[in-house]
Structure formats: structure tokens, C-alpha cells
Amino acid sequence: MEQNFKILIVILVVNILITIILGGSKRFVFYYDFKDLFISFLSWIVLLIGVILSSYLDLKELIPIAVTISIIIGLYSLFLAVKYNRMNIFVGIPIGISKIILGGLFVLKLFDLISPSGKSVGKRRENRMTSGIILFLLSIIFKFLINGEEVYKRKGWEVSK
């Protein structure tokens with residue numbers, strides 16, 4: 001079981017790297033626009049808010065609702081990746097998976113920056129600094145991956161909205 005998990009992690013990391021290269025090279029649409037980028041974060045934001053509210057308000061029934069909404073938004077983000085790549089599922093699905101994973105990493109690190117984990121002040125400071133560096137690097141990557149209009153113009157496709 002542990003071996004399968006490691007293989008899955010390697011596959012996901014390789015998928016992310018390949019799709020970032022394809023998106024960064026303007027061969028395929030990664031994020032069409034800022035709205036598309038935000039939608040990839042939104043599923044994780046909804047999930048995080050649902051979990052936080054359920055624990056603070058002691059309403060455990062909020063978790064399945066938050067998970068359901070989060071899954072629907074995640075599937076919509078996956079659909080947008082396919083749609084913006086002209087319904088090419090062989091490109092859109094791997095990009096959509098990368099979008100969802102990167103969105104989750106960004107939201108998780110943003111939360112860790114705001115509320116760092118750790119038992120000591122030094123450990124919390126270290127976690128906050130690590131999160132800040134990762135967020136900075138992801139922000140730079142995201143800037144280059146919002147490439148929809150550039151890809152459409154490069155390929156001679158009609159710009160969509």
C-alpha cells in the first residue's frame with residue numbers, strides 16, 4: 001500500500017512538471033485567465049472553510065456539504081481545462097489535475113502562512129517562512145501559466161470567454 005502511494009505521488013509530480021512545461025511553453029492552455037486560476041483554488045477554499053466552520057460551530061454535518069461542493073467545483077475546474085484546450089481530454093485532464101493539485105498546495109500554504117503549525121515559536125517561524133517561499137514561487141509560476149489568450153492567438157483559435 002505504501003509503495004502504491006509513493007508511485008502515485010511520483011506520477012502526480014511528473015504530471016505537474018510536464019503540464020507546467022507545456023503550459024509555460026504556450027503549447028496548451030493551463031489557466032485561461034485569472035478567473036480560471038481562482039476556480040482552481042475555490043474548491044480547496046470551500047473545503048477549508050467548511051472544515052473550520054464545522055469545528056468551530058460543532059456542526060459535523062457541514063463537512064459532507066463542503067466536500068460535495070468542493071468536488072463539484074473541482075470537476076468544473078477539470079472541465080474548464082478540457083474546454084479551454086478545445087475539448088482535448090488527453091491534454092485537458094492532466095492539466096486539470098495539475099490545476100487542482102497546485103490550487104490545493106497554494107491554499108494549504110496560505111493557511112500555513114496565516115496559522116503556522118509547530119510546537120515552538122522557532123518551528124512556527126520556520127513553517128511560516130517555508131510557506132512564504134513556496135507561495136512566492138507558486139505566484140511566479142501562476143503568472144506564466146495564465147496563458148489562454150496567448151495560446152489561442154498562437155494557434156489561430158477564436159478567443160473565447
Side-chain angles (χ1 to χ4, degrees), residues 1-78 80-81 84 91-148 150:
M1 185 67 170
E2 186 178 318
Q3 184 71 15
N4 291 340
F5 183 72
K6 289 178 182 178
I7 292 170
L8 176 64
I9 295 297
V10 169
I11 289 170
L12 290 174
V13 168
V14 169
N15 178 70
I16 290 169
L17 292 175
I18 290 171
T19 56
I20 285 174
I21 291 167
L22 292 174
S25 67
K26 311 295 187 233
R27 291 177 190 250
F28 297 102
V29 176
F30 202 94
Y31 297 109
Y32 186 83
D33 54 15
F34 185 77
K35 177 182 168 188
D36 187 23
L37 173 70
F38 179 72
I39 289 170
S40 72
F41 293 174
L42 190 58
S43 63
W44 298 102
I45 293 169
V46 167
L47 184 62
L48 186 62
I49 290 172
V51 169
I52 290 170
L53 283 178
S54 73
S55 66
Y56 280 121
L57 301 176
D58 200 27
L59 294 171
K60 301 301 179 207
E61 54 273 359
L62 279 179
I63 291 178
I65 295 169
V67 168
T68 302
I69 293 170
S70 180
I71 289 171
I72 291 169
I73 295 169
L75 289 172
Y76 180 64
S77 182
L78 192 66
L80 288 177
Y84 290 137
V91 171
I93 290 176
I95 288 175
I97 291 169
S98 294
K99 287 169 48 173
I100 293 167
I101 293 170
L102 289 174
L105 179 61
F106 189 88
V107 170
L108 179 67
K109 288 300 165 186
L110 184 61
F111 182 74
D112 204 31
L113 182 71
I114 295 167
S115 179
S117 59
K119 292 184 179 184
S120 67
V121 172
K123 186 65 177 166
R124 286 192 297 272
R125 185 179 311 127
E126 180 183 325
N127 287 341
R128 184 172 274 147
M129 189 167 33
T130 302
S131 294
I133 291 167
I134 291 171
L135 287 169
F136 175 73
L137 294 173
L138 283 174
S139 297
I140 291 170
I141 291 170
F142 291 148
K143 180 183 183 299
F144 291 106
L145 293 178
I146 299 175
N147 65 356
E150 294 172 73

(request) Answer yes or no: is there a side-chain heavy-atom contact under 4.5 Å between Ile20 and Leu145? (result) yes
(request) Could you list all the salt bridge (charged side-chain N to carboxylate O under 4.0 Å, His left out) pairs where at least one residue sits in residues 1-24, not counting sequence neighbours? (result) Glu2-Lys6
(request) Have a look at Ile73 and tell me which of Ile45, Thr68, Ile39, Leu78 forms a side-chain contact (heavy atoms from CB on, under 4.5 Å) with it. (result) Ile39
(message) Could you report the tightest heavy-atom contact between Ala81 and Ile95, atom names first, then the distance?
(response) CB-CG2, 4.2 Å
(message) By the side chain to side chain donor-acceptor pair (under 3.5 Å) test, which pairs, at least two apart or in different chains, include something from residues 37-60?
(response) none
(request) Could I get the full list of ring-ring contact (aromatic ring centres under 6.0 Å, His included) partners for Phe28, not counting sequence neighbours? (result) none
(message) Just verifying a value: how many Å separate Leu57 CG and Leu62 CG, rounded to the nearest 0.5 Å?
(response) 7.0 Å
(message) On a heavy-atom basis, which atom in Gly50 and which in Ala66 lie closest, and how many Å separate them?
(response) CA-CB, 3.7 Å
(request) Would you give the length of the straight line joining atom CD1 of Ile100 to atom CG of Leu105, rounded to the nearest 0.5 angstrom? (result) 14.0 Å
(message) With rounding to the nearest 0.5 angstrom, report the CG to OG distance, Asn127 to Ser115.
(response) 10.5 Å
(request) Check whether any side-chain N or O of Asn15 sits under 3.5 Å from a backbone N or O of Pro94 as a donor-acceptor pair, and report yes or no. (result) yes
(message) Between Asn147 (side chain only) and Phe30 (backbone N and O only), is there a donor and an acceptor less than 3.5 Å apart?
(response) yes
(message) Filter on salt bridge (charged side-chain N to carboxylate O under 4.0 Å, His left out), then keep only pairs touching residues 123-132, sequence neighbours left out; what's left?
(response) Lys123-Glu126
(request) Any pair with a residue in residues 99-112 that passes side chain to side chain donor-acceptor pair (under 3.5 Å), sequence neighbours left out, goes on the list, sorted by first then second residue, please. (result) Asp36-Lys99, Asp112-Ser131
(message) Could you measure the distance from the CG atom of Leu110 to the CZ atom of Phe41? Nearest 0.5 Å is fine.
(response) 9.0 Å
(request) List the atom of Ser70, the atom of Val46, and the distance in Å for their closest heavy-atom pair. (result) N-CG1, 4.3 Å
(request) Give the minimum heavy-atom separation between Phe144 and Ile140, together with the two atoms involved. (result) CD1-O, 3.1 Å
(message) Considering only residues two or more places apart or on different chains, which pairs with a residue in residues 109-130 satisfy ring-ring contact (aromatic ring centres under 6.0 Å, His included)?
(response) none
(message) Applying side chain to side chain contact (heavy atoms under 4.5 Å, CB included) to Tyr76 and Ile72, what does each step give before you reach the verdict?
(response) CA-CA 6 Å; Tyr76 180 64; Ile72 291 169; 5.7 Å; no
(request) Tell me, with the steps shown, if Leu138 and Leu102 meet side chain to side chain contact (heavy atoms under 4.5 Å, CB included). (result) CA-CA 8 Å; Leu138 283 174; Leu102 289 174; 4.0 Å; yes
(message) Measuring from atom CG of Leu12 to atom CG of Leu17, what distance do you get when rounded to the nearest 0.5 angstrom?
(response) 11.0 Å
(message) How long is the straight-line distance from CZ of Phe34 back to NZ of Lys143, given to the nearest 0.5 Å?
(response) 13.5 Å
